[in-house]
Amino acid sequence: MNLIYSGKTKDVYELENGDYLLKFKDDVTGENGVFDPGANTVGLVMEGAGRAGLSLTKFFFEKLKTAGIPTHYIDANIEEATMTVAPATVFGKGLEVICRYRAVGSFLRRYGLYAQEGQSLDAFVEVTLKDDDRLDPPISKSALEMLGILSAEEYATLEKLTKEISQVVKDELAKKGIELYDIKLEFGRINKDGQVVLIDEISGGNMRAYKDGVYIEPLALEKLMLAAD
């Protein structure tokens with residue numbers, strides 16, 4: 001295996017057959033020892049977070065496969081904390097797509113003059129650049145097109161998939177009495193035709209979920225979601 005990228009929460013290896021292997025770490029994003037899925041730095045280490053994140057990712061990616069929603073997922077090895085995926089090309093130098101159901105986090109910090117904390121949002125989708133130096137700035141559809149990061153058609157697909165994927169996650173959480181406040185997704189292009197698909201992961205580390213108004217930590221979320229009924 002050839003290490004091609006070491007990220008905040010996982011390492012990426014290229015396999016001999018051209019597929020990629022993602023190695024999940026126990027690092028999670030946050031600041032000052034407090035977890036924050038919207039942060040752009042590693043804030044703390046949670047033992048078991050890698051396997052927990054992968055377990056939940058496997059659960060959700062297989063749900064999406066059943067629903068006919070395209071992803072880069074091939075298979076996963078929970079014990080090794082690894083996931084095999086199809087090679088994908090990111091948009092520009094990477095985008096993050098957030099779907100928001102409640103006004104919290106950076107949304108509230110930006111729009112607090114008009115928004116009330118926790119108010120309902122109608123699956124609001126926003127895109128940010130993966131740019132640590134500039135604190136992952138939001139970017140509009142027009143700017144994405146003008147800067148050649150993606151086309152209008154790709155943006156429409158990205159927005160549609162974001163809402164579909166987020167709804168699947170929201171519905172699955174609701175079965176356990178858990179409410180999804182927001183979720184951060186990543187997308188890329190695969191195959192020769194540049195099909196837009198979900199990449200990376202879906203875990204407690206990239207969403208805010210609450211039960212009875214209390215925030216659920218990533219490890220606890222995995223246990224709640226995968227516990228037998």
Side-chain angles (χ1 to χ4, degrees), residues 1 3-15 19-66 71-86 94 96 98-99 104-105 130 132 136 165-166 168-186 198-229:
M1 293 190 300
L3 177 65
I4 60 173
Y5 176 75
S6 184
K8 299 182 187 73
T9 59
K10 63 183 73 66
D11 291 330
V12 182
Y13 296 86
E14 185 176 16
L15 301 175
D19 291 334
Y20 289 169
L21 187 78
L22 309 184
K23 174 70 174 179
F24 284 62
K25 303 178 183 179
D26 286 342
D27 298 336
V28 297
T29 56
E31 293 181 1
N32 302 317
V34 178
F35 168 72
D36 181 354
N40 58 9
T41 58
V42 171
L44 62 160
V45 176
M46 293 182 179
E47 185 176 354
R51 287 187 179 87
L54 177 58
S55 296
L56 207 51
T57 294
K58 180 176 185 289
F59 171 83
F60 282 123
F61 271 73
E62 291 181 353
K63 290 288 182 183
L64 296 177
K65 182 179 180 180
T66 299
T71 75
H72 70 161
Y73 174 81
I74 296 176
D75 59 36
N77 184 323
I78 304 301
E79 287 303 312
E80 296 293 330
T82 59
M83 182 168 78
T84 306
V85 301
E96 291 178 340
I98 303 98
C99 186
V104 293
K130 292 188 74 173
D132 290 349
D136 297 344
I165 293 163
S166 299
V168 169
V169 175
K170 188 173 186 287
D171 290 344
E172 290 298 325
L173 292 177
K175 292 177 183 178
K176 300 284 186 174
I178 300 169
E179 182 181 356
L180 179 64
Y181 275 32
D182 59 33
I183 184 168
K184 179 174 63 180
L185 304 172
E186 294 189 34
L198 178 71
I199 63 172
D200 198 44
E201 65 178 283
I202 301 179
S203 70
N206 62 339
M207 68 177 77
R208 288 186 181 90
Y210 287 70
K211 188 175 178 68
D212 299 325
V214 178
Y215 169 72
I216 307 171
E217 294 283 352
L219 292 178
L221 181 63
E222 185 263 344
K223 291 178 181 178
L224 284 171
M225 286 302 298
L226 301 183
D229 291 321

Open item on the list: Test side chain to side chain contact (heavy atoms under 4.5 Å, CB included) on L185 and S166; report intermediate values, then the result.
Closed with: CA-CA 9 Å; L185 304 172; S166 299; 4.0 Å; yes
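- The two residues K25 and G7 come nearest to each other via the heavy atoms NZ-O, 2.8 Å.
- K170 has its side chain out of reach of I183: every pair of non-hydrogen atoms, C-beta onward, lies at least 4.5 Å apart.
- Annotation: the span from L54 atom CG to F59 atom CZ amounts to 14.0 Å, rounded to 0.5 Å.
- Proximity of E179 to L173: side-chain heavy atoms (C-beta onward) are nowhere separated by under 4.5 Å.
- To the nearest 0.5 Å, the span separating OH on Y73 from CG on L64 amounts to 11.0 Å.
- With values rounded to the nearest 0.5 angstrom, N206 atom CG is found 7.0 Å from T57 atom OG1.
- From L221, atom CG reaches atom CD1 of I178 across 5.5 Å, with rounding to the nearest 0.5 Å.
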TODO: Go through D200 and K10 one step at a time and tell me if the side chain to side chain contact (heavy atoms under 4.5 Å, CB included) criterion holds.
DONE: CA-CA 9 Å; D200 198 44; K10 63 183 73 66; 2.9 Å; yes
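- Residues G204 and L56 share a closest heavy-atom pair of N-CD2, 3.7 Å.
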Taking distance alone, no hydrogens or angles, what donor-acceptor pairs closer than 3.5 Å link side-chain atoms of residues 76-83 to residues at least two apart or in another chain?
{"from": "N77", "atom 1": "OD1", "to": "E79", "atom 2": "N", "distance (Å)": "3.2"}
{"from": "N77", "atom 1": "OD1", "to": "E80", "atom 2": "N", "distance (Å)": "3.0"}

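- Atoms CG and CE, from D11 and M1 in turn, are 10.0 Å apart once rounded to the nearest 0.5 Å.
- Checked by atom type and distance alone, the side chain of K176 pairs as donor or acceptor with a backbone atom of A227 at under 3.5 Å.
- The closest side-chain heavy-atom distance from M207 to K184 is not below 4.5 Å.
- Separating the CD atom in E222 from the CZ atom in R51 is a distance of 11.5 Å, to the nearest 0.5 Å.
- Considering every non-hydrogen atom in both D26 and G50, the closest pair reads OD1-N, 2.8 Å.
- What you find for L198 and F61 is that their closest heavy atoms are CD2-CZ, 3.7 Å.
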- [ ] Check step by step if side chain to side chain contact (heavy atoms under 4.5 Å, CB included) holds for I165 and F60.
- [x] CA-CA 9 Å; I165 293 163; F60 282 123; over 6 Å; no
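- Residue-environment remark: NZ (K23) exceeds the threshold of 12 foreign heavy atoms within 6.0 Å.
- Nearest approach of G53 to S203, heavy atoms of both residues: O-CB, 3.5 Å.
- In this view, Y210 and Y181, Y215 satisfy the ring pair (Phe, Tyr, Trp, His ring centres under 6.0 Å) rule, not counting sequence neighbours.
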- [ ] Check step by step if side chain to side chain contact (heavy atoms under 4.5 Å, CB included) holds for E201 and L22.
- [x] CA-CA 10 Å; E201 65 178 283; L22 309 184; over 6 Å; no
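- Under the 4.0 Å criterion applied to side-chain N and carboxylate O atoms, K65 and E62 are not assigned as salt-bridge partners.
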